[in-house]
There are 2 protein chains.
Amino acid sequence: MTGSLVIAGLGPGAEALVTPEVSEALARATDVVGYIPYVARAPDRPGLVKHASDNRVELDRSRHALELAAEGRAVVVVSSGDPGVFAMAAAVFEAVEAGPAAWRALDIRVLPGITAMLAAAARAGAPLGHDFCAINLSDNLKPWPLIERRLRLAAEADFAMAFYNPRSRSRPEGFARALEVLNEACGDARPVIFARAVSTPEEAIRVVPLPDCRPEMADMRTMVLVGSSATRIIARDGAPIVYTPRSAP
Amino acid sequence: MTGSLVIAGLGPGAEALVTPEVSEALARATDVVGYIPYVARAPDRPGLVKHASDNRVELDRSRHALELAAEGRAVVVVSSGDPGVFAMAAAVFEAVEAGPAAWRALDIRVLPGITAMLAAAARAGAPLGHDFCAINLSDNLKPWPLIERRLRLAAEADFAMAFYNPRSRSRPEGFARALEVLNEACGDARPVIFARAVSTPEEAIRVVPLPDCRPEMADMRTMVLVGSSATRIIARDGAPIVYTPRSAP
């Protein structure tokens, strides 16, 4: 009896963005483990056990999934977006490293998914078409001075930037400080994209020059993309196209 | 008669990593435009015209696709990985911006895909589980000093890094210089992942400490991922797990 653990990315929300590989893993699972709304997306069928848990219990959830796999179950941990980008994969491996030796012998696989920054970028054009970075703005798991330092260095490197978790309910002030740092470090009116709930019925995309950005333009469901100094806007009827050219001078 | 242009990401190679959204777009297309091996992946059917072109003609190909769409065709430009990450989307928008006004009125959509760095990261564990950057190491379209500057700033920011196009046939020396810069800037033995042809039958993954990396470990089909100073290795029978913890001190 050999269990397995698959950490699967469900993409940003739409079923049309779930890879066939992930759909197949869900169809073979005995157990699905994850945050309540993601577990709800796995199709119900006889024999499938769903283990839904609340947000912010990633390590407990990971240990539970590993225990089930060690018992011989075929477990899928569901994650939004791509599991390797500010999502469940790192949490599972933290639990593996700290856990019993038997967990290292398990068959563990990560199945990639469409991460939020790429879904958001696609809606706006190609703002990440040249070198870029991805930063988690939540200071739950790292000190604010480190975030600020990375923002300044990213601006100095002239990366386009993608921000995950720009504004949490518990720490709304962080994003306001990030905007201050960016205005100071960038010193221009480069476009910023606020992409809310991409690929869901609540999707809303907004393009705003950096100096005009306000903290309340982002909430917990928003990805924020900041152009580099080279990012361009193509005006047209309807939504503008935002893209970063492939070449740099 | 209104044409349309879809820029679609085929993912890293396996059909199981193509989103249903992209498969559906291909099923509705009248014309598929792209680099020869990607166009070959679109299923043949009566009425579908394939326009395959060689590498390094991205702007010509983009203009051709836009002309077809302007004639009323339903055109899909196929791209490997995600079209917005060092792929076809930026090229198409460069052509739109420089082209006739009518091209701006076209229905143009980007469909995201699984980009190579996320497929490679998934195979190794979760090396991009904390803040990271993506850099195109090809100096076809940007000067080498800019690449070197970004490498140094990325190391200073302690980002994990993903390198696209690490080593081209025409400029093999670039990656050797990148390794020199990284060894100097990082000064440690953090893990580097060489992920070749991920999700294809030729897939090969290798994890090497930074000081032991050699330029010939990468070729044109290799993604290179470099850990941050916090990236960890979980040793076990078989391939090790490489992951970057979610929290930073």
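The chains referred to below are lettered A, B, ... by the order of the sequence lines, with proteins before strands, and numbering in each begins at 1.
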Are Glu94(A) and Tyr243(B) linked by a side-chain donor-acceptor pair shorter than 3.5 Å?
no

Output the option from Ala121(A), Gly238(A), Ala235(A) having the highest count of non-hydrogen pairs under 4.5 Å with chain B.
Ala235(A)

Side chain, backbone, both or neither: which part of Val18(B) has an atom under 4.5 Å from a heavy atom of chain A?
backbone

Quick one: what part of Met88(B) sits under 4.5 Å from any heavy atom of chain A, side chain, backbone, both or neither?
neither

Taking side-chain hydrogen bond (donor to acceptor under 3.5 Å, both in side chains) as the cut-off, I'd like each qualifying pair that reaches into residues 3-12 of chain B, sequence neighbours left out, listed once.
none

Quick one: what part of Arg149(B) sits under 4.5 Å from any heavy atom of chain A, side chain, backbone, both or neither?
side chain

Counting heavy-atom pairs under 4.5 Å with chain B, which one of Gly9(A), Gly11(A), Ser247(A) comes out on top?
Ser247(A)

Engaged part of Asp158(B) at the chain A interface, taking heavy atoms whose separation is under 4.5 Å
both

Contact winner vs chain B - Ala87(A), Ala162(A), Ser199(A), Gly84(A), heavy-atom pairs under 4.5 Å
Gly84(A)

CG/Asn55(A): more than 12 non-hydrogen atoms of other groups inside 6.0 Å
yes

Contacts of Ile241(B) meeting side-chain contact (heavy atoms from CB on, under 4.5 Å) (sequence neighbours excluded), chain-then-number -> Phe93(A), Ile234(B), Arg236(B)

With a 4.5 angstrom heavy-atom cut-off, which part of Leu106(B) approaches chain A: side chain, backbone, both or neither?
backbone

With chain A, the option among Ala160(B), Ala14(B), Ala89(B), Pro143(B) that has the most non-hydrogen atom pairs under 4.5 Å is Pro143(B)

Answer with side chain, backbone, both or neither: which region of Leu17(B) has an atom nearer than 4.5 Å to a non-hydrogen atom of chain A?
both

Contact leader toward chain A among Val85(B), Val92(B), Thr19(B), Leu153(B), where contacts are heavy-atom pairs under 4.5 Å:
Leu153(B)

Flag if over 12 foreign heavy atoms under 6.0 Å of CZ, Arg196(B):
yes

Between Arg123(B), Arg152(B), Arg104(B), which has the largest tally of heavy atom pairs under 4.5 Å with chain A?
Arg104(B)

Looking only at Met161(B), Glu58(B), Arg232(B), the option with the highest number of non-hydrogen pairs under 4.5 Å against chain A is Arg232(B)

Heavy atoms only, distances under 4.5 angstrom: which of Ala119(B), Ala122(B), Pro12(B) has the most pairs with chain A? Name it, please.
Ala122(B)

Within residues 109-116 of chain A, the residues sitting under 4.5 Å from chain B by heavy atom, in sequence order, are Val110(A), Pro112(A), Gly113(A), Ile114(A), Thr115(A)

Could you tell me which portion of Ala91(A) (side chain, backbone, both or neither) has an atom closer than 4.5 angstrom to a non-hydrogen atom of chain B?
both

Nearest non-hydrogen partners of Glu97(B) and Ile233(A), listed with the distance:
OE2-O, 4.4 Å

Only distances under 3.5 Å count here; give the side-chain donor-acceptor pairs of residues 124-135 of chain A to other protein atoms, sequence neighbours excluded, each with its distance to 0.1 Å.
| unit_1 | atom_1 | unit_2 | atom_2 | d |
| --- | --- | --- | --- | --- |
| His130(A) | ND1 | Arg246(A) | O | 2.9 |
| His130(A) | NE2 | Arg150(B) | NH1 | 3.0 |
| Asp131(A) | OD1 | Asn136(B) | N | 2.9 |
| Asp131(A) | OD1 | Lys142(B) | NZ | 2.9 |
| Asp131(A) | OD2 | Lys142(B) | NZ | 2.4 |
| Asp131(A) | OD2 | Arg150(B) | NH1 | 2.8 |

Turns out that what part of Glu15(B) lies under 4.5 Å from chain A's heavy atoms comes down to backbone

